[in-house]
Undergrad: 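Before we start, here is the structure in question, set down as structure tokens.
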Amino acid sequence: MLIGKYKILGKEYKTKDYVEILNPSTNTSYAKVPALKKELVDKIYQFASNKQIEWENKTISERAVYLKKWADLIEKNKEKLAKLIVNEVAKNYQDSLIEVERSVTYIRYTIEEMYRINLEARTSEQFYDGKKDKIALIQRKPYGVILIISPFNFPINLVISKIAPALISGNVCVFKPATQGSFVAIELIKLWEQTKAEDGIINLITGRGREISDYLVTHPLINFINFTGSTNVGKEIASKAKMIPIIMELGGKDAAIIIDGANLEKASDEIIKGAFSYSGQRCTAIKRVFVDKKNKEILEKLLLSKIKKLKIGLPQDNADIIPLIDQKSLKYQEELLSDLNQKAKILIGNKKDIKNNIFYPTLVTNVLSTDRLAKEEQFGPILPIITYDNFDHLIKIHNDTSFGLQASIFARDLNNLFKIAEKLEVGTINFNKKSQRGPDNFPFIGYKDSGLGTQGIKNSILAMTKEKVIIINI
Ligand code: NAP
Ligand code: G3H
């Protein structure tokens, strides 16, 4: 079994209290990482806070030195990191490698973006008496100590997408990774240590979220919380955080919408990729399909034939359908399928391989918008098909969920796209493509229960900094 060891308060940490991580593919022990207690967490916040001003006082270029080195080290170790992702969260090797490479680009672009954002100037001439007698110099100041909490499914990318913008703008981080993913996180932070940055800039805390929640989330030295994870946990953290500014990326129920005239061959390819890659464990996975009656049958046939071609197996064999993150998730897939309306029909799937924690790709038709499968986030390889009568009906049943992350519209006619896109309660609409986050410099926003605030490189820097305005009176 691997043992995750890392530095705390500048020293190698030794403990007898550990959290065990299982290998999702075998349900056997994979690694263990320290479970931190309140007293130590308090000291870590104090340590981070003491280091922050010094870090803020550095120039962007001085801070960038460490981030550039980190990007280079991550790039150099990309195969090793990708293999760790494969083992710990069962993502296939190819996608794991892409995740690491994407994160390297993220860091480098973040540095460039910070130079562009650094300072803005405005004049007063459009106001009052029209005189040009005031100039505002608008700087971006860091909040201070940022608490970062990340989910299991992108253990590198969704960590870098928080830490890089936080650090380049002068914040320091207290970072709590998902337990399943925290061994990868330790390796990532060890690479940061190799940059020779001072201790206390990134401060790792491992331990079960629900057990350490109270002292992790409510500490008086937290200046900002950046969270990605499920909506339920996000709401719990928001209620505890009170006046602390917060940004959240939460669950999704992204729809693929088929409009008559769409290229069904291409649409079905995109839907298959969107719904089943990484067994549907992406916030932006396609989690429901809306189709009109005319195109329903042909779409179903296409989806069915393509599902049959999906490779089911282990992540190291680059399978599409891989083990789910844990047995709880496997049971949840079954629970959603046992709660369908009478007319719903499972066209393929609803099969499991308990030994390897695999749920087979499943297609269900005649799902009603009132079924749990149409409303809840399955975070697994089940795709419900829902039929709509007309555009008004489509909008109504599409918006009848608490989520609002993204949607994909497959259509030939741009007018239809805009007509529908305007009315969907989601942050982003993809035209003739599966839903997805990014490119990472695009704004990424969830409406309703899918989030709070906007991420994306520029937006993340703006979110984790505040304006400081100096007015020059001429
Ligand atoms: P999760 O169970 O909500 O966990 C997310 C993080 O919160 C983990 O680090 C977890 O630690 C921690 N946590 C759990 N309970 C906590 C508590 N009471 N107080 C403080 N922290 C707590 O989510 P997940 O299963 O890792 O990730 C899947 C979910 O994330 C899905 O809903 C997905 O849609 C969403 N997600 C959204 C986006 C987006 O950009 N919108 C991106 C990725 C994922 P432990 O692991 O120790 O429990
Ligand atoms: O789980 C949520 C990730 O942010 C999804 O990223 O759409 O690039 O796969 P992706």
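In this chain, residues are counted from 1 in sequence order. Atoms within a ligand are numbered from 1 in the order they appear, just like the ligands themselves.
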Undergrad: May I ask you to check if ligand 1 and Lys240 share an N or O to N or O distance below 3.5 Å?
TA: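 N/O-N/O distance below 3.5 Å does not exist for this pair.
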
Undergrad: Give me the residue, atom name and distance of the protein heavy atom closest to atom 24 (P) of ligand 1.
TA: Phe152 CD2, 3.7 Å

Undergrad: Only pairs under 3.5 Å count here: list side-chain donor-acceptor contacts from residues 353-365, not counting sequence neighbours, and write none if there are none.
TA:
{"from": "Asp353", "atom 1": "OD1", "to": "Lys355", "atom 2": "N", "distance (Å)": "3.2"}
{"from": "Asp353", "atom 1": "OD1", "to": "Asn356", "atom 2": "N", "distance (Å)": "3.1"}
{"from": "Asn356", "atom 1": "ND2", "to": "Ser25", "atom 2": "O", "distance (Å)": "2.9"}
{"from": "Asn357", "atom 1": "ND2", "to": "Leu324", "atom 2": "O", "distance (Å)": "3.0"}
{"from": "Asn357", "atom 1": "ND2", "to": "Asp326", "atom 2": "O", "distance (Å)": "3.4"}
{"from": "Thr362", "atom 1": "OG1", "to": "Asn350", "atom 2": "N", "distance (Å)": "2.8"}
{"from": "Thr362", "atom 1": "OG1", "to": "Tyr360", "atom 2": "O", "distance (Å)": "2.8"}
{"from": "Thr365", "atom 1": "OG1", "to": "Lys296", "atom 2": "NZ", "distance (Å)": "3.4"}
{"from": "Thr365", "atom 1": "OG1", "to": "Glu300", "atom 2": "OE2", "distance (Å)": "2.4"}

Undergrad: Run the side-chain contact (heavy atoms from CB on, under 4.5 Å) check on Val159 and Ile148 step by step: do they pass?
TA: CA-CA 8 Å; Val159 170; Ile148 286 171; 5.7 Å; no

Undergrad: Could you say whether the N/O atoms of Ser213 and ligand 1 ever approach to under 3.5 Å?
TA: yes

Undergrad: Which atom pairs, one a donor and one an acceptor, fall under 3.5 Å between side chains of residues 452-459 and the rest of the protein, sequence neighbours left out?
TA:
{"from": "Gln455", "atom 1": "OE1", "to": "Ser460", "atom 2": "OG", "distance (Å)": "3.0"}
{"from": "Gln455", "atom 1": "NE2", "to": "Asn226", "atom 2": "OD1", "distance (Å)": "3.2"}

Undergrad: Which of the numbered atoms in ligand 1 are under 4.0 angstrom from any heavy atom belonging to Arg210?
TA: 15 (N), 16 (C), 18 (N)

Undergrad: Measuring from atom 15 (N) of ligand 1, which candidate in Val89, Val233, Ile325 has the nearest non-hydrogen atom?
TA: Val233

Undergrad: Give me the residue, atom name and distance of the protein heavy atom closest to atom 27 (O) of ligand 1.
TA: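 Minimum-distance protein heavy atom for atom 27 (O) of ligand 1 reads Pro151 CB, 3.4 Å.
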
Undergrad: Any cation-pi pair here, Arg116 with Tyr109, using under 6.0 Å and within 45°?
TA: yes

Undergrad: Of the protein's non-hydrogen atoms, which lies at the shortest distance from atom 41 (N) of ligand 1, and what is that distance?
TA: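 So the nearest neighbour among protein heavy atoms is Leu250 O, 2.7 Å.
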
Undergrad: I'd like to know if Lys328 pairs up with Glu335 as an ion pair, taking the criterion as any Lys NZ or Arg NE/NH1/NH2 lying under 4.0 Å from an Asp or Glu carboxylate oxygen.
TA: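 No, no charged N to carboxylate O under 4.0 Å.
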
Undergrad: For Phe227 and ligand 1, answer yes if some heavy atom of the residue is under 4.0 Å from a ligand atom, otherwise no.
TA: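 It does; at least one heavy atom falls under 4.0 Å.
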
Undergrad: Could an N or O of ligand 1 be found under 3.5 Å from any N or O of Ser450, whether backbone or side chain?
TA: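 No, since none of the N or O atoms of Ser450 sits under 3.5 Å from an N or O of ligand 1.
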
Undergrad: Heavy atom to atom 18 (N) of ligand 1, shortest distance: which of Arg208, Lys176, Gln281, Glu236 holds it?
TA: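 Among Arg208, Lys176, Gln281, Glu236, the closest heavy atom to atom 18 (N) of ligand 1 belongs to Glu236.
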
Undergrad: Identify the protein heavy atom lying closest to atom 32 (O) of ligand 1, giving its residue, its atom name and the separation to 0.1 Å.
TA: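 Sorting protein heavy atoms by distance from atom 32 (O) of ligand 1 puts Glu377 OE1, 2.7 Å first.
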
Undergrad: Determine whether any heavy atom of Arg437 lies closer than 4.0 Å to an atom of ligand 1.
TA: yes

Undergrad: Heavy-atom contact check, 4.0 Å cutoff: does Pro177 meet ligand 1?
TA: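 Heavy atoms of Pro177 do come under 4.0 Å of ligand 1.
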
Undergrad: So, regarding Thr228 and ligand 1 (criterion: nitrogen or oxygen to nitrogen or oxygen, under 3.5 Å), is there a contact or not?
TA: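 No.
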
Undergrad: Find all atoms of ligand 1 within a distance of less than 4.0 Å from any non-hydrogen atom belonging to Ile149, and give their numbers and elements.
TA: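 Atoms satisfying the 4.0 Å criterion: 6 (C), 7 (O), 9 (O), 12 (C).
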
Undergrad: Do Glu236 and Ser213 have side chains that get closer than 4.5 Å, going by heavy atoms?
TA: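 Counting from C-beta outward, Glu236 and Ser213 do come under 4.5 Å.
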
Undergrad: For Ala178, is at least one N or O under 3.5 Å away from an N or O on ligand 1?
TA: yes

Undergrad: Flag Gly209 as yes when one of its N or O atoms lies below 3.5 Å from any N or O atom of ligand 1, and as no otherwise.
TA: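 Min N/O separation from ligand 1 is below 3.5 Å for Gly209.
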
Undergrad: How far is atom 9 (O) of ligand 1 from its nearest protein heavy atom, and which residue and atom is that?
TA: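 Going by distance alone, atom 9 (O) of ligand 1 is nearest to Ser150 O, 2.8 Å.
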
Undergrad: Using non-hydrogen atoms of the residue, decide whether Gly207 is closer than 4.0 angstrom to ligand 1.
TA: yes

Undergrad: What is the closest protein heavy atom to atom 35 (C) of ligand 1, and at what distance does it sit?
TA: Gly229 O, 3.2 Å

Undergrad: Fit a plane to each ring of Phe183 and Tyr30, take the angle between them on a 0 to 90° scale, and name the class: parallel (under 30°), tilted (30 to 60°) or perpendicular (over 60°).
TA: perpendicular

Undergrad: Please examine the side chains of Leu462 and Arg140, heavy atoms only from C-beta on, and report whether any two atoms are closer than 4.5 Å.
TA: yes

Undergrad: Does NZ or CZ of Lys32 come closer than 6.0 Å to the centre of the six-membered ring of Tyr18, within 45° of the ring's axis?
TA: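 Yes - Lys32 lies over the ring of Tyr18, closer than 6.0 Å to its centre and within 45° of its axis.
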
Undergrad: Closest by any non-hydrogen atom to atom 44 (C) of ligand 1: pick that one out of Asn153, Val19, Leu147.
TA: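 The residue whose heavy atom sits nearest atom 44 (C) of ligand 1 is Asn153.
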
Undergrad: Less than 3.5 Å between some nitrogen or oxygen of Thr231 and one of ligand 1, yes or no?
TA: no

Undergrad: side-chain contact (heavy atoms from CB on, under 4.5 Å) between Asp339 and Leu373: does it pass, once the steps are laid out?
TA: CA-CA 8 Å; Asp339 196 58; Leu373 182 58; over 6 Å; no

Undergrad: Which one of Lys253, Arg282, Arg372, Lys287 satisfies the salt bridge (charged side-chain N to carboxylate O under 4.0 Å, His left out) criterion with Glu377?
TA: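 The passing option is Lys287.
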
Undergrad: Do the non-hydrogen side-chain atoms of Glu88 and Gln180 ever get within less than 4.5 Å of each other?
TA: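 They are in contact (side-chain heavy atoms under 4.5 Å apart), so the answer is yes.
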
Undergrad: With heavy-atom distances below 4.5 Å as the criterion, would you say the side chains of Ile189 and Tyr6 are in contact?
TA: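 The answer is no; the side chains never approach within 4.5 Å.
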
Undergrad: What's the verdict on side-chain contact (heavy atoms from CB on, under 4.5 Å) for Thr228 and Ser150, showing C-alpha distance, side-chain angles and the deciding distance?
TA: CA-CA 5 Å; Thr228 301; Ser150 57; 5.6 Å; no

Undergrad: Looking only at protein heavy atoms, which one is nearest to atom 46 (O) of ligand 1, and how far off is it?
TA: Thr179 N, 2.8 Å

Undergrad: Around ligand 2, what residues show up once you keep those with a heavy atom under 4.0 Å from it?
TA: Arg102, Asn153, Phe154, Leu158, Arg282, Cys283, Thr284, Gln436, Arg437

Undergrad: Report yes if Phe444 has an N/O atom closer than 3.5 Å to an N/O atom of ligand 1; otherwise report no.
TA: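 N/O-N/O distance under 3.5 Å: no.
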
Undergrad: Does Leu216 come within less than 4.0 Å of ligand 1, judged by its heavy atoms?
TA: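 Leu216 does not count as a contact of ligand 1 under the 4.0 Å cut-off.
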
Undergrad: Carefully, step by step, assess Arg102 and Arg437 under the rule side-chain contact (heavy atoms from CB on, under 4.5 Å).
TA: CA-CA 12 Å; Arg102 168 183 180 184; Arg437 185 198 188 97; 3.5 Å; yes

Undergrad: Ignoring hydrogens, just give me the one of Ile237, Ile225, Leu158 whose non-hydrogen atom is nearest atom 21 (N) of ligand 1.
TA: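 Shortest heavy-atom distance from atom 21 (N) of ligand 1: Ile237.
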
Undergrad: For Asp95, give me all partners under side-chain contact (heavy atoms from CB on, under 4.5 Å), at least two apart in sequence or on another chain.
TA: Lys91, Asn92, Ile98

Undergrad: My question is simple, although I want it checked carefully: is atom 4 (O) of ligand 1 less than 4.0 angstrom from any protein heavy atom?
TA: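 So atom 4 (O) of ligand 1 lacks protein heavy-atom neighbours under 4.0 Å.
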
Undergrad: Using the rule salt bridge (charged side-chain N to carboxylate O under 4.0 Å, His left out), only one of Glu101, Glu99, Glu187 pairs with Lys78; which is it?
TA: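 Exactly one pass, corresponding to Glu101.
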
Undergrad: Should the ring pair Phe379 and Phe152 be called parallel, tilted or perpendicular, given that the plane angle runs from 0 to 90° and is split at 30 and 60?
TA: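 Ring orientation of Phe379 relative to Phe152: perpendicular.
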
Undergrad: Does this structure show an ion pair linking Asp400 with Lys375, if we count only N-O contacts that are shorter than 4.0 Å?
TA: yes

Undergrad: Is any side-chain heavy atom of Leu81 closer than 4.5 Å to one of Leu191?
TA: yes

Undergrad: For atom 33 (C) of ligand 1, what is the nearest protein heavy atom, given as residue, atom name and distance?
TA: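 Checked against all protein heavy atoms, atom 33 (C) of ligand 1 sits closest to Phe379 CE1, 3.3 Å.
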
